[in-house]
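For the single chain, residues carry numbers from 1 onward in sequence order. Worth knowing before you read on, the calculation uses all heavy atoms, side chains too, and leaves out hydrogens, waters and symmetry mates. Counting convention: from 1, in listed order, for ligands and their atoms alike.
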Amino acid sequence: MTLNRRVFLGAAGVVAAGLSAPMVLAQGKPRVVIVGGGAGGATAARYIAKGSRGEIDLTLIEPSRTYYTCFFSNLYLGGFQELSDIAHSYGTLAANYGINVVHDWATGVDRDAKTVSLAGGGSVPYDKLILSPGIDFVDGAVEGWDVSAQNKMPHAYKAGSQTELLKAQIMAMPEGGTFAMVAPPNPYRCPPGPYERVSMVAHVLKANNPTAKIIVADPKPKFSKMSLFQEGWANHYEGMVDWIGEDFGGGNVAVNPDAMTVTIDGEETKVDVCNVIPAMKAGRIAEMAGVTDGNWAPVNAADMSSKADLDIYVLGDASQQGDMPKSGFSANSQAKVCANAVRGALTGSKVFPAKFSNTCWSLIDTDDGVKVGATYEATPEKIAKVDGFISQTGEDADLRKATYEESLGWYAGITSDMFG
Ligand SMILES: Cc1cc2nc3c(=O)[nH]c(=O)nc-3n(C[C@H](O)[C@H](O)[C@H](O)COP(=O)(O)OP(=O)(O)OC[C@H]3O[C@@H](n4cnc5c(N)ncnc54)[C@H](O)[C@@H]3O)c2cc1C
């Protein structure tokens with residue numbers, strides 16, 4: 001072979017990325033089990049299936065037959081999307097990709113036996129296990145609220161019936177009524193999510209109930225895209241949104257779901273709708289697998305493997321990976337890196353160096369879209385930010401419209417990347 005530049009670079013790339021020898025298995029095809037069919041899990045399933053051409057036995061465990069994306073669920077609240085627009089099924093993954101989709105809850109992980117137990121009985125063996133269970137709420141995070149109160153004071157932070165309920169409550173608000181939000185502390189799923197939601201609720205109220213008010217009790221002194229949201233609220237919804245940050249007692253909150261009151265820094269207010277978004281931690285199955293630090297699951301940035309067990313990978317919101325925000329875009333990006341690494345480990349296919357990216361778009365009002373994003377690389381310590389960008393205040397209407405349209409393209413792209 002003549003050593004020309006292309007061959008040399010190619011060889012260097014292989015060395016840098018590492019060519020792993022296929023795992024030697026006692027019998028049959030290597031088995032990958034994925035728990036959670038959301039942004040991380042569905043993407044990982046599809047990419048492993050696509051790349052391994054039937055060489056891997058792939059099982060996806062997900063209780064719901066319909067996955068409602070949290071992304072764009074705020075746009076449903078704002079009347080820009082129908083609920084059916086954000087609903088997706090697993091039919092194509094099962095039919096066209098040969099993935100064994102099991103609609104059940106994973107209830108435990110036996111790391112010695114390498115099995116995942118199911119609520120419906122029985123267990124599924126694995127050689128590699130990928131966990132992408134999203135988030136659960138920290139017990140006792142908001143005084144007076146627990147999940148038994150979610151029908152009176154919805155969180156709507158897992159999309160579907162909770163989102164539908166919150167919308168029905170907003171539409172039923174009396175004239176001049178009050179919508180309250182209890183915002184979460186860092187870190188949490190979708191940093192701009194609560195504030196995009198405030199914008200979408202304000203949009204609906206401005207059209208249907210213009211004298212209504214929105215109060216946000218926030219334990220943080222600042223939040224994602226803060227100047228962009230505050231500019232937008234002043235421009236589109238003047239006087240409607242009262243954001244009470246940490247400096248004004250926004251972190252000192254108690255709620256009473258029976259009386260429908262919110263007490264912020266000692267001052268009680270009767271409200272008509274209360275959206276409680278409590279502090280979050282990794283989905284419970286990650287804790288049950290023993291791969292969390294009590295809250296989140298620390299992972300190695302190069303392949304998303306757990307720092308506690310190299311045969312378990314944790315994706316998306318549940319992982320503690322470094323600089324990436326907990327977003328669907330991030331989970332999708334991490335899933336591709338993980339799928340590539342898992343295929344390499346099990347079949348000896350080429351493993352490329354990990355690269356990640358994320359963009360979070362938010363809609364403030366009709367055609368007024370903003371975004372923040374970055375690219376990332378894997379370092380020995382964490383997923384580290386390389387460079388980023390953010391929309392600016394005072395941008396012209398055409399650019400904001402183009403940003404919103406970009407988000408529509410992204411939504412179509414990511415959902416077909418997840419579900420085929
Ligand atoms: C209001 C809102 C707006 C958002 N907007 C955006 C946005 O515009 N852009 C963006 O990129 N991100 C957005 N996000 C964030 C995004 O939804 C999450 O970051 C993303 O879904 C995380 O993917 P995941 O795979 O970690 O979890 P999920 O997508 O939540 O998937 C987890 C899945 O695991 C399943 N599961 C959990 N436990 C078990 C178990 N024991 N057994 C089997 N299955 C289990 C669940 O049923 C669920 O389907 C938004 C979030 C919210 C709440």
Classify the side-chain pair [X]/[Y] by whether it contains a donor and acceptor separated by less than 3.5 Å.
X      : Y      : value
Asp387 : Thr375 : yes
Asn256 : Thr261 : no
Lys281 : Thr292 : no

Protein contact to [atom] [nearest heavy atom, distance to 0.1 Å]:
atom                    : result
atom 38 (N) of ligand 1 : Trp105 CZ3, 3.6 Å
atom 34 (O) of ligand 1 : Gly36 CA, 3.1 Å
atom 37 (C) of ligand 1 : Pro133 O, 3.3 Å
atom 16 (C) of ligand 1 : Gly328 N, 3.4 Å
atom 52 (C) of ligand 1 : Cys70 CB, 3.4 Å
atom 48 (C) of ligand 1 : Glu62 OE1, 3.4 Å
atom 42 (N) of ligand 1 : Ala106 N, 2.9 Å
atom 21 (O) of ligand 1 : Tyr67 OH, 3.4 Å

Is there a nitrogen or oxygen of [X] sitting under 3.5 Å from a nitrogen or oxygen of ligand 1?
X      : answer
Asp104 : no
Val35  : no
Ser132 : yes
Ala39  : yes
Gly40  : yes
Pro63  : no

Open item on the list: Which label fits Trp410 and Phe71: parallel for a plane angle under 30°, tilted from 30 to 60°, or perpendicular past 60°?
Closed with: tilted
- [ ] Look at the aromatic rings of Tyr157 and Tyr188 and report parallel, tilted or perpendicular, splitting at 30° and 60°.
- [x]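 Tyr157 vs Tyr188 ring planes: tilted.
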Measuring from non-hydrogen atoms of [X] to any atom of ligand 1, is the shortest distance under 4.0 Å?
X      : value
Tyr411 : no
Cys360 : no
Gly193 : no
Gly283 : no

Record the part of [X] in heavy-atom contact with ligand 1 below 4.0 Å; permitted values are side chain, backbone, both and neither.
X      : answer
Arg189 : side chain
Tyr188 : neither
Arg284 : neither
Ser327 : both
Asp317 : both

- [ ] Supply the atom-to-atom distance Tyr90 OH to Thr66 OG1, rounded to the nearest 0.5 angstrom.
- [x] 8.5 Å
- [ ] Supply the atom-to-atom distance Leu205 CG to Ile214 CD1, rounded to the nearest 0.5 angstrom.
- [x]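 It is 5.5 Å, given to the nearest 0.5 Å.
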Open item on the list: As a test of understanding, state which of Trp233, Tyr195, Phe223 forms a ring pair (Phe, Tyr, Trp, His ring centres under 6.0 Å) with Trp243.
Closed with: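 Testing each of Trp233, Tyr195, Phe223 against Trp243, the sole residue satisfying ring pair (Phe, Tyr, Trp, His ring centres under 6.0 Å) is Phe223.
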Identify, by atom number and element, the atoms of ligand 1 in contact range of [X], meaning under 4.0 Å from any of its heavy atoms.
X      : value
Ile61  : 43 (C), 44 (N)
Asn74  : 1 (C), 3 (C)
Lys326 : 19 (O)
Arg197 : 1 (C)
Ala331 : 23 (O)
Gly134 : 26 (O), 27 (O), 32 (C)
Trp410 : 9 (N), 10 (C), 11 (O)
Gly316 : 26 (O)

Open item on the list: Whether Lys158 and Asp136 form a salt bridge (side-chain N of Lys/Arg under 4.0 Å from carboxylate O of Asp/Glu) is what I want to check.
Closed with: yes
Open item on the list: Taking the six-membered ring of Tyr76 as reference, does the cationic atom of Lys167 (NZ for Lys, CZ for Arg) lie under 6.0 Å from its centre and within 45° of its axis?
Closed with: yes
Task: cation_pi(Lys50, Tyr47) dist<6.0 Å, angle<=45 - done: yes
Open item on the list: Show the nearest heavy-atom pair for residues Ala141 and Pro278, with the distance to one decimal.
Closed with: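 In this case the closest contact between Ala141 and Pro278 is CB-CB, 4.2 Å.
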Task: Where His88 and Thr69 come nearest, the two heavy atoms and their spacing - done: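 In terms of heavy atoms, the two residues are closest at CD2-CG2, 3.8 Å.
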Task: Tyr67 ring center near Phe419 ring center (under 6.0 Å) - done: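 Yes: the rings meet the under 6.0 Å criterion.
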Task: Arg31/Asp57 under salt bridge (Lys or Arg N to Asp or Glu O under 4.0 Å): CA gap, chis, key distance, verdict - done: CA-CA 5 Å; Arg31 293 159 306 198; Asp57 182 349; over 6 Å; no
TODO: For salt bridge (Lys or Arg N to Asp or Glu O under 4.0 Å), just list the numbers for Lys114 and Asp127, CA-CA rounded to whole Å, side-chain angles, deciding distance to a tenth of an Å, and then say yes or no.
DONE: CA-CA 7 Å; Lys114 290 190 147 188; Asp127 296 300; 5.2 Å; no
Task: Shortest heavy-atom approach to atom 53 (C) of ligand 1 - which of Phe329, Tyr157, Phe72 - done: Tyr157
Task: Option of least heavy-atom distance to atom 50 (C) of ligand 1 (set: Cys190, Ser333, Gly373, Ser73) - done: Cys190
Task: Neighbour count >12 (heavy atoms, 6.0 Å) for atom CZ, Phe248 - done: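 No - once you tally the heavy atoms of other residues, nucleotides and ligands closer than 6.0 Å, there are 12 at most.
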Task: Intermediate values then yes/no, side-chain contact (heavy atoms from CB on, under 4.5 Å), Gln162 and Asn151 - done: CA-CA 8 Å; Gln162 274 279 297; Asn151 288 343; 4.1 Å; yes
- [ ] Would you confirm whether Asp146, through its side chain, and Ser148, through its main-chain N or O, come within 3.5 Å as a donor-acceptor pair?
- [x] yes
